[in-house]
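These notes are about the structure you will find just below.
All ligand and atom numbering here is 1-based and tracks the order in the structure.
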Amino acid sequence: MKILVTGGAGFIGSNFVRHVLAESDHTVTVLDKLTYAGNRASLDGLPEDRFSFVRGDIADADLVDGLFSAHDAVVHFAAESHNDNSLDDPRPFLETNIIGTYTLLEAARRHDTRFHHISTDEVYGDLELDDPARFTEQTPYNPSSPYSSTKAGSDLLVRAWVRSFGVQATISNCSNNYGPYQHVEKFIPRQITNVLRGARPKLYGSGENVRDWIHADDHSSAVLRILERGRLGETYLIGADGERNNKDVVELILQGLGQPADAYDLVTDRPGHDLRYAIDSSKLRRELGWSPRFADFAAGLSDTIAWYRDNEAWWAPQKDATEARYLEQGQ
Ligand code: NAD
Ligand code: TDX
């Protein structure tokens with residue numbers, strides 16, 4: 001297949017591109033606007049005969065139309081992806097996550113293109129800490145933030161385009177990803193790079209909020225499996241049974257970098273901060289035979305710490321501006 005990957009210069013998109021080129025015979029074109037979150041260097045060194053890059057906006061209908069006519073399938077990662085930014089200025093989230101997705105769906109309809117939409121478990125809202133339940137494909141949508149509500153809106157657009165226009169689409173909702181090449185605004189890279197710079201990790205609120213961590217490599221393998229073998233019109237939840245509270249994660253990072261486990265600061269909580277996410281991925285495992293490779297979060301985190309230690313040139317250009325923005329927000 002010739003696959004068009006939107007948002008392929010971002011954290012998970014670039015991981016997926018590397019995965020596809022290593023594990024299949026498909027060719028890849030990336031369409032990416034290179035916002036503050038996109039980094040062309042995350043795609044350095046890929047084979048030129050199977051990979052090309054186009055800088056552009058997914059909301060540019062003419063550009064998108066030409067690209068869809070030249071590809072067999074589209075995997076749609078491009079998004080404004082950071083909750084804290086969405087609380088500061090929601091507009092880019094509406095433009096990219098809603099209008100951008102709509103623009104792609106219209107092109108998929110015109111060209112009858114296989115379309116896979118990447119989404120998040122945050123569309124389901126949050127769970128109590130002691131709730132035995134986890135999210136399933138049947139959980140009602142209940143998003144909390146401008147980010148998650150625009151992701152929920154984009155999922156619903158995909159479902160409507162499947163039902164009303166017969167678009168050949170699938171959707172996946174994944175839990176929190178970690179691994180190399182993640183922007184330093186996000187929780188794990190922020191804390192690792194803080195410690196590497198001699199600053200203290202910053203925990204929002206009490207640090208008791210729980211996230212369900214999955215290595216980005218496992219997200220990529222699941223997406224490729226769904227693209228190749230998923231049933232059209234279906235939604236698949238992706239998760240690796242990786243629930244941890246934020247305090248535990250910070251303690252592991254401090255330990256991994258040889259610091260005392262309590263060398264962190266508690267800072268102002270995120271408004272509307274979701275308490276807990278937890279994914280039941282049994283449909284994906286049962287129907288498509290997928291399983292995660294990174295069963296051990298502590299080992300995956302340790303590799304990730306080593307990557308940030310060894311790749312300061314990749315993250316240093318964004319670090320000061322990111323921390324200046326957090327300082328303004330009191331975080
Ligand atoms: P990211 O912010 O690292 O990357 C987003 C990429 O999209 C960037 O390269 C950016 O330049 C590009 N982009 C943004 N607006 C664009 C536009 N209008 N046109 C073209 N390109 C544009 O995000 P990420 O963490 O890699 O997330 C990728 C996708 O996965 C998103 O859809 C996100 O909602 C979803 N997701 C993320 C996580 C997570 O833990 N990070 C978990 C589940 C789902
Ligand atoms: O400095 C911090 N301190 C802190 O305690 C930051 C940046 C975050 N946090 C907390 C907030 C969350 O409970 O850590 C947790 C993770 O925060 P983020 O990395 O901002 O991720 P989250 O809001 O959970 O959303 C992520 O997972 C789902 C991605 O950013 C989304 O794109 C994805 O949809």
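No option in E323, E185, Q331 other than E323 meets the side chain to side chain donor-acceptor pair (under 3.5 Å) test with R190. The side chain to side chain donor-acceptor pair (under 3.5 Å) test with N177 is passed by exactly one of H219, K186, Q182, R211: H219. Among R231, R225, R229, the one residue that satisfies the side chain to side chain donor-acceptor pair (under 3.5 Å) test with E287 is R231. Residue E122 is tested with N142, N83, N173 for a side chain to side chain donor-acceptor pair (under 3.5 Å); the sole match is N83.
A side-chain donor-acceptor contact under 3.5 Å links H26 and E228.
Residue S175 has at least one heavy-atom neighbour below 4.0 Å for each of these atoms of ligand 1: 42 (C), 43 (C). Every atom of ligand 2 is numbered from 1 in the order shown, and the set under 4.0 Å from a heavy atom of H82 is 20 (O). Of all the atoms in ligand 1, the ones that sit under 4.0 Å from a non-hydrogen atom of F77 are 28 (C), 29 (C), 31 (C), 32 (O). Interface of Y326 with ligand 2, defined as ligand atoms under 4.0 Å from a residue heavy atom, comprises 7 (C). Close approach of ligand 1 to T120 is summarised as follows: ligand atoms under 4.0 Å from at least one heavy atom of the residue are 43 (C), 44 (C). Applying the 4.0 Å criterion to heavy atoms of Y147 picks out, from ligand 2, the atoms 31 (C), 32 (O), 33 (C), 34 (O). Taking every non-hydrogen atom of S81 and a distance limit under 4.0 Å, the qualifying atoms of ligand 2 come out as 30 (O), 31 (C), 32 (O). Residue contact check: H273 has heavy atoms under 4.0 Å from atoms 11 (C), 12 (C), 13 (O) of ligand 2. Atoms of ligand 1 found under 4.0 Å from any heavy atom of G56, numbered from 1 in the order shown, are 19 (N), 20 (C). Of all the atoms in ligand 2, the ones that sit under 4.0 Å from a non-hydrogen atom of T120 are 28 (C), 33 (C), 34 (O). Atom numbering of ligand 1 starts at 1 in the shown order; those under 4.0 Å from a heavy atom of I118 are 29 (C), 30 (O), 32 (O), 35 (C). The ligand atoms of ligand 1 that sit less than 4.0 angstrom from a heavy atom of S81 are 1 (P), 2 (O), 23 (O). Using a 4.0 Å cut-off to heavy atoms of Y147, the atoms of ligand 1 that qualify are 33 (C), 34 (O). Proximity to Q191 (heavy-atom distance under 4.0 Å) selects the following atoms of ligand 2: 1 (O), 2 (C), 3 (N). Residue E185 has at least one heavy-atom neighbour below 4.0 Å for each of these atoms of ligand 2: 7 (C).
Between F297 and Y178, the distance separating the two ring centers is shorter than 6.0 angstrom. Remark: aromatic rings of W307 and Y181 are close, center separation under 6.0 Å.
Between N83 and ligand 2, an N or O atom pair is found at a separation short of 3.5 Å. Among the atoms of H219, none of the N or O lies under 3.5 angstrom from an N or O of ligand 1. Below 3.5 Å of separation, one finds no N or O of Y277 facing any N or O of ligand 2. Residue R270 has at least one N or O atom closer than 3.5 Å to an N or O atom of ligand 2. Taking distance alone, with nitrogen or oxygen atoms compared against 3.5 Å, L203 stays at or beyond that limit from ligand 2. Backbone and side-chain nitrogen or oxygen atoms of D84 are examined, and none is located within less than 3.5 angstrom of a nitrogen or oxygen of ligand 2. Residue I58 has at least one N or O atom closer than 3.5 Å to an N or O atom of ligand 1. Considering backbone and side-chain atoms together, E185 places no N or O closer than 3.5 Å to any N or O of ligand 1. Considering backbone and side-chain N/O of T96, one or more are found under 3.5 Å from N/O of ligand 1. Looking at ligand 2, you won't find any N or O of K186 less than 3.5 Å from one of its N or O atoms. Polar contact with ligand 1: present for D57 (N/O pair, distance under 3.5 Å). Considering backbone and side-chain N/O atoms, A37 never comes within less than 3.5 Å of an N/O atom of ligand 1. By the 3.5 Å distance cut-off applied to N or O atoms, A59 is not counted among the residues near ligand 1. Considering backbone and side-chain N/O atoms, E80 never comes within less than 3.5 Å of an N/O atom of ligand 1. At under 3.5 Å, not a single nitrogen or oxygen of H76, backbone or side chain, sits near a nitrogen or oxygen of ligand 1. Residue contacts with ligand 1: C174 is placed with no nitrogen or oxygen under 3.5 Å of a nitrogen or oxygen of the ligand (distance criterion only).
Within the 4.0 Å heavy-atom shell around ligand 1 one finds K151. Ligand 1 lies nowhere less than 4.0 angstrom from a heavy atom belonging to A216. The closest approach between a heavy atom of N176 and any atom of ligand 1 is below 4.0 Å. At a 4.0 Å cut-off, not a single heavy atom of K151 sits close enough to ligand 2 to count as contact.
A salt bridge does not link R293 with D218: none of the charged nitrogens is closer than 4.0 Å to a carboxylate oxygen. Under a 4.0 Å N-O distance rule, the pair E234/K283 qualifies as a salt bridge.
Neither the backbone nor the side chain of F187 has a heavy atom within less than 4.0 Å of ligand 1. At a heavy-atom distance under 4.0 Å, no atom of P92 approaches ligand 1. Only the backbone of L34 comes within contact range of ligand 1, with a heavy atom under 4.0 Å; no side-chain atom does. Using a 4.0 Å cut-off between heavy atoms, S119 contacts ligand 1 through its backbone alone, with no side-chain atom that close. Contacts of R190 with ligand 2, taken as heavy-atom pairs under 4.0 Å, involve the side chain alone.
Applying the side-chain hydrogen bond (donor to acceptor under 3.5 Å, both in side chains) criterion to Q255, with sequence neighbours excluded, gives no partner residue.
The option with the heavy atom closest to atom 14 (C) of ligand 1, from among G38, A79, G7, S42, is A79.
With respect to atom 21 (O) of ligand 2, the closest heavy atom belonging to the protein is N176 ND2, 3.5 Å. The shortest contact between atom 4 (O) of ligand 1 and any protein heavy atom is with G10 CA, 3.3 Å.
Cation-pi geometry between R134 and Y277 is not met at under 6.0 angstrom from the ring centre and within 45 degrees of the axis. Relative to the six-membered ring of Y264, K202 misses at least one condition, a distance below 6.0 Å or an angle of at most 45° to the axis. A cation-pi arrangement is absent between R110 and F68 under the rule of less than 6.0 angstrom and at most 45 degrees off the ring axis.
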task: Report the C-alpha distance between E328 and Y326 in whole Å, list the side-chain angles of each, state the deciding distance to 0.1 Å, and finish with yes or no for side-chain contact (heavy atoms from CB on, under 4.5 Å).
output: CA-CA 5 Å; E328 274 173 27; Y326 277 127; over 6 Å; no
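Minimum interatomic distance between V17 and L46 (heavy atoms only, all atoms of both residues): CG1-CD1, 3.7 Å. Pairing each heavy atom of T113 with each of H71, the nearest pair is CG2-O, 4.2 Å.
At least one donor-acceptor pair closer than 3.5 Å links the side chain of S281 to the backbone N or O of G239.
Note on ring orientation: taking the six-membered ring where Trp is involved, the planes of F115 and H117 are parallel (angle under 30°, cut-offs 30° and 60°).
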